[in-house]
2 protein chains.
Amino acid sequence: MRLFWEKGYGATSIADILQAAGANAGSLYYCFPTKQDLLIAVLRRYQTGIHAMLLEPAWQGVSDPVERIFALLARYRDALVATDCTYGCPIGSLALELHEPDPVVRKLLAANFNAWTSAIEGCLKQAGVRIPRNTNLRELASFVLTTMEGGVMQARTHRSLATYDAAVHQLRGYFSHLEAAASATRRKVS
Amino acid sequence: MRLFWEKGYGATSIADILQAAGANAGSLYYCFPTKQDLLIAVLRRYQTGIHAMLLEPAWQGVSDPVERIFALLARYRDALVATDCTYGCPIGSLALELHEPDPVVRKLLAANFNAWTSAIEGCLKQAGVRIPRNTNLRELASFVLTTMEGGVMQARTHRSLATYDAAVHQLRGYFSHLEAAASATRRKVS
DNA sequence: GTCTATACCCTGATAGAC
DNA sequence: GTCTATCAGGGTATAGAC
């Protein structure tokens, strides 16, 4: 999991994995007949662990649904800070590296994106009337993921937080507008 | 250039390149001593060719600066359509694949992002009073790139235009808000 | 289930004639 | 400048004893 994240799939050799795990080839191949089986297991783990590994830590002590969205984005910022801006989202990196992967792999990558998007969509639903009623929440949630992935990509390339912060700041501006618009509509109605 | 774009850097072998180019090893290595020299040449070509290869075709017949931004995003959509959503931005893909590249490579990747962002920033400057005066134009331009890269990444993973269209649609909503806010301010002043 | 040794292939890069 | 042949190394995966 760590190696695929740090080096990518192709650049990680079985030998690297054996050394990092302190395992022998026979044992590894007994459990995972091919390298791709290992990738599939890793992707499944990300998928099933999204709450325990990502969302719950990010949302510790944050209850406001909109703030939860930005708390999640802040967590990716922390990862960038902790790695001197060499962090990359493991799913995003693998998604771009594996152009034409096995359908199984591609569907797992898509499922991971879907799980992330659904978590955000849940926040937006909880936000209720604070978001304009005609807003497509799924679309907006997907846009949050877009912002994170695009922001992380640029931050790592520039080795600078500036572009990530810029992306989040602009997204915040967009949310401020949405909330103000929803609020204005509510005043008009009442 | 085509192979690095379609398959990525690591997955493209010198043999692939020789076959595609109809060249022999000796000739290639005479001009490009290492594979990385080839990558550097490709990245330089993207950088110097951004106007002729990307911007001018995208902006053919489009003069409104804000529409130029969305015309550029539409061009990436066309690329997704033309490739059944297997298209990936070559710079973005290489940026994520090459985690810890030679400083020369990383700077070239960053320079490509900068050139793209500067082109958008130019449009925003041309838009003048249509964008609120306190807007950080560089930041907003960077956010447009964020949207494109994040949108393309998801579209390819899902093999669907939906997420890309969602991202562009949301960005359009943000721009509509910005233009409306700038317009309201102008009315108030006059 | 786990170990070591190794098969077999493809990699980037080179040698040296032309 | 271009060609063919090849090197040395590392890749995934396997064989077969234990």
Side-chain angles (χ1 to χ4, degrees), chain A residues 1-46 86 88 90-109 112 157, chain B residues 1-48 86 88 90-91 93-109 112:
Chain A
M1 208 162 184
R2 204 195 79 228
L3 287 168
F4 286 166
W5 166 51
E6 286 179 2
K7 311 183 38 164
Y9 178 70
T12 299
S13 72
I14 301 282
D16 291 336
I17 295 166
L18 294 176
Q19 188 177 8
N24 293 99
S27 305
L28 179 65
Y29 277 101
Y30 182 80
C31 298
F32 301 98
T34 72
K35 190 182 175 186
Q36 182 175 294
D37 291 324
L38 210 49
L39 173 65
I40 288 169
V42 165
L43 291 175
R44 279 201 229 279
R45 205 179 168 95
Y46 277 119
T86 62
I91 308 302
S93 300
L94 290 171
L96 280 202
E97 178 184 353
L98 306 168
H99 281 68
E100 294 163 4
D102 208 63
V104 180
V105 171
R106 216 204 68 236
K107 272 165 195 162
L108 275 168
L109 290 166
N112 271 281
T157 303
Chain B
M1 209 163 186
R2 203 195 79 227
L3 287 168
F4 287 167
W5 166 51
E6 286 179 1
K7 310 183 41 165
Y9 178 70
T12 298
S13 72
I14 302 281
D16 291 335
I17 295 166
L18 294 176
Q19 188 176 9
N24 293 98
S27 305
L28 179 64
Y29 277 100
Y30 181 81
C31 298
F32 301 98
T34 73
K35 191 183 176 186
Q36 183 176 293
D37 290 324
L38 211 49
L39 173 65
I40 289 169
V42 165
L43 290 176
R44 278 202 229 281
R45 204 180 168 93
Y46 277 118
Q47 191 186 359
T48 60
T86 62
I91 308 303
S93 300
L94 289 170
L96 281 202
E97 178 184 352
L98 305 168
H99 281 69
E100 296 163 3
D102 209 62
V104 180
V105 171
R106 215 202 71 236
K107 272 165 195 162
L108 275 169
L109 290 166
N112 271 280

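All chains are named by letter (A, B, ...) in the order of the sequence lines, taking the proteins before the strands, and each is independently numbered beginning at 1.
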* Taking the side chain from A:Ser93 and the backbone from A:Gly88, do they hold a donor-acceptor pair closer than 3.5 Å? -> no
* Atom CG of A:Leu18 and atom P of D:dT12: how far apart are they, to the nearest Å? -> 9 Å
* To do: Output yes when a side-chain donor or acceptor of A:Thr157 lies under 3.5 Å from a complementary backbone atom of B:Ala95, and no otherwise.
  => no
* Is a side-chain N or O of B:Glu97 found less than 3.5 angstrom from the main chain of B:Tyr9, in a donor-acceptor match? -> yes
* **Nearest-angstrom distance from the residue atom CG of B:Leu28 to P of C:dT14** => 12 Å
* Can you name the one residue among B:Leu109, B:Asn112, B:Leu108 that meets side chain to side chain contact (heavy atoms under 4.5 Å, CB included) with B:Leu94? -> B:Leu109
* To do: Rounded to the nearest angstrom, tell me the gap between atom CD in A:Gln19 and atom P in D:dG10.
  => 13 Å
* To do: Go through the structure and list residues passing side chain to side chain donor-acceptor pair (under 3.5 Å) with B:Asp37, not counting sequence neighbours.
  => B:Thr34
* Find the distance B:Asp37:CG to C:dG12:C1' and express it as a whole number of Å. => 13 Å
* Length of the line joining A:Leu39:CG and D:dT12:P, which is rounded to integer Å -> 13 Å
* Structure fact -> To the nearest angstrom, the CD-P distance between A:Gln36 and D:dA13 comes to 9 Å
* **Length of the line joining B:Lys35:NZ and C:dG12:P, which is rounded to integer Å** => 4 Å
If you restrict it to nitrogen or oxygen atoms, what contacts under 3.5 Å exist between nucleotides 1-5 of chain C and the protein, and what is each distance?
| unit_1 | atom_1 | unit_2 | atom_2 | d |
| --- | --- | --- | --- | --- |
| C:dC3 | OP1 | A:Asn24 | OD1 | 3.4 |
| C:dC3 | OP2 | A:Asn24 | OD1 | 3.0 |
| C:dC3 | OP2 | A:Ser27 | OG | 2.8 |
| C:dC3 | O5' | A:Asn24 | OD1 | 3.3 |
| C:dT4 | OP2 | A:Asn24 | ND2 | 2.6 |

* To do: Flag the pair A:Phe4 / A:Ile17 as yes when at least one side-chain heavy-atom distance between them is below 4.5 Å, and no otherwise.
  => yes
* Any A:Ile14 side-chain heavy atom under 4.5 Å of A:Tyr29 side chain -> yes
* Hey, is NZ on A:Lys35 packed in by over 12 heavy atoms from elsewhere, all under 6.0 Å? -> yes
* Going by heavy atoms closer than 4.0 Å, what residues in residues 5-16 of chain A are next to DNA chain C? -> none
